Amino acid sequence: MKNYKLAVLKGDGIGPEIVDQAIQVLNKTAQAYGFSVSYDYALLGGAAIDATGVPLPQETIDACKAADSVLLGAVGGPKWDSQPGNNRPEKGLLGIRKALGLYANLRPAVIFAPLRDASPLKPEIIGDSLDIMVVRELTGGIYFGDRGTEEQNGIKSAYDTERYSVPEVERIARVAFDMAMKRDKRLCSVDKANVLDSSRLWRSVVDEMAKEYPEVTVSHLYVDNTAMQLVRNPGQFDVIVTSNMFGDILSDEASMISGSIGMLASASLGEGGLGLYEPIHGSAPDIAGQDAANPLATILSVAMLLRYSLNEPAAAQAIEDAVAKALTQARTRDIYTESCGAKLVGCREMGDIVSGLIH
Ligand code: IPM
Ligand code: MG
C-alpha cells in the first residue's frame, strides 16, 4: 500500500481545530482509496515562537523538506503583536514559502451553489457561476526585495523594493498559462505598467510567452482597474496572474466575492511535487478554542493536496463531493442562515459529517 508522508503545521488560533478535522477526513479517505498517510507535526508561527523563540525553527523546514507535502492551518494572533517585525508569526509563513521555493500560489475563488446568497454582490452581477483562479507569485517582489529603515538629518524613512527578474516572471506565467489551458483558456495578467518598470517587464514576459499558447486569450489589466472589475463583472475572469503584493490584495477581494472565505483552499507550489496547502482565511483568534470554526477550507485544502501533490484525483474528488453534500445537511455559523435548511453545527461535528460522507 502506498504511504504518503505529510508535514503538518497546525499553527495558531483556530489552526489546530481545523487541521484536526482535515486529518480525520484524510484518514477516512485514505482508507477508502487504498493508501495510508503518516504525519510529522512541526511548529510554525506563534506556537513556534512560544516553544522555541522563533517563528520558523530549522526543524520545521527539515520536516517539510522530508515530506511529500505540507498541510498548514493558520498563523498569527494578537498575543504576538508586540514581537519585532522580523520575529512575527507571519515571518514564519513567509520564511517557509521561501525556504521551500513555493513560488506559485493558487487561490481559487468559487461560489458553492448552496452558498450563493452569501455573496455580498447582487445575483445579477454574479451571473450563473463564479470560478476564478488567482495565480499569485509568492517568493519575489516587494515581499522579499531590498528593504530598510534609515535616519538622515533627524528624519526617519523606510523603503521596500519591488523587483522581478525575467526568469521569475517566466516561471509564474508558465504556471498560469498551463492552468488556463486546463480551464476556460482565458488569462488576465494584472500589473501597474502605466507606472512601474517592474510591471512593464512583467507584461513583456507574459506577451512573449503568449506566443507559445495560441489557444489562450490573454488580456492585461492595471491592478486598480482589476479591483473595480472584480466587483463590477467578476464573470469576465478565468485565470488571473499577478505579483506577490497585487495577488495578496486581489485574492482577498476575489474570495470575499464568493461569500465563502471560510470555504476556500489554496495551494503553494514549487519545483517538483512539494506543495504547501492551507485555507485562505486566517487564524481567527477571536473564536479559537470554541469549536465554532469552519473546517471546510482546510478539508478542501487536503483535496487540493491530493490532486496537485499526491496525484490522487479520485480521492480529491471524493472529498469535494462530500463537502458539497455536507453543506446541504449542516453549516458552521459563518455560513449558517435561518432559512438555509441545514443544521447549525460546530467545527468537530462538521468534520464528522464530511468524514461520514466519504466512500
Ligand atoms: C496571505 C497573508 C500573508 C501574505 C501574510 C499573513 C504574511 O495575507 O497569505 O495572503 O501577505 O502573504
Ligand atoms: Mg493575504
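Just follow the structure's listing: the first ligand is 1, and inside any ligand the first atom is 1. All values reported here derive from a predicted model rather than from experimental measurement.
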### Message
Is there a polar contact between ligand 1 and E90, counting only N or O atoms under 3.5 Å apart?
### Response
no

### Task
Report the part of R88 (side chain from C-beta onward, or backbone N, CA, C, O) that has a heavy atom under 4.0 Å from ligand 1; answer both or neither where that applies.
neither

### Query
Between R97 and ligand 1, which part of the residue brings a heavy atom under 4.0 Å of the ligand: side chain, backbone, both or neither?
side chain

### Query
With the 4.5 Å side-chain cut-off for hydrophobic clustering, are V354 and V302 part of the same group?
yes

### Query
For ligand 1, which atoms sit closer than 4.0 Å to a heavy atom of R136?
1 (C), 4 (C), 9 (O), 10 (O), 11 (O), 12 (O)

### Message
Below 30° counts as parallel, above 60° as perpendicular, anything between as tilted: where do the rings of F35 and Y4 land?
### Response
perpendicular

### Query
Are more than 12 heavy atoms from other residues, nucleotides or ligands located less than 6.0 Å from atom CZ of R116?
yes

### Task
Could you tell me the residue and atom name of the protein heavy atom closest to atom 10 (O) of ligand 1, and the distance to it rounded to 0.1 Å?
D248 OD1, 2.9 Å

### Query
Is it true that the NZ or CZ of R136 lies under 6.0 Å from the centre of Y143's six-membered ring and within 45 degrees of the ring axis?
yes

### Atom of D248 closest to the Mg ion (ligand 2), considering N, O or S atoms
OD1

### Task
Establish whether L264 and I132 are linked, either directly or via other cluster members, by ILVMFWY side-chain heavy-atom contacts under 4.5 Å.
no

#### Entry: Taking atom 4 (C) of ligand 1 as the reference point, the nearest protein heavy atom with its distance
Y143 OH, 3.5 Å

#### Entry: Where ligand 1 meets R107 - atom numbers and elements under 4.0 angstrom, heavy-atom basis
1 (C), 9 (O), 10 (O)

### Query
How far apart are the closest heavy atoms of G262 and D334, and which atoms are they?
CA-OD2, 4.0 Å

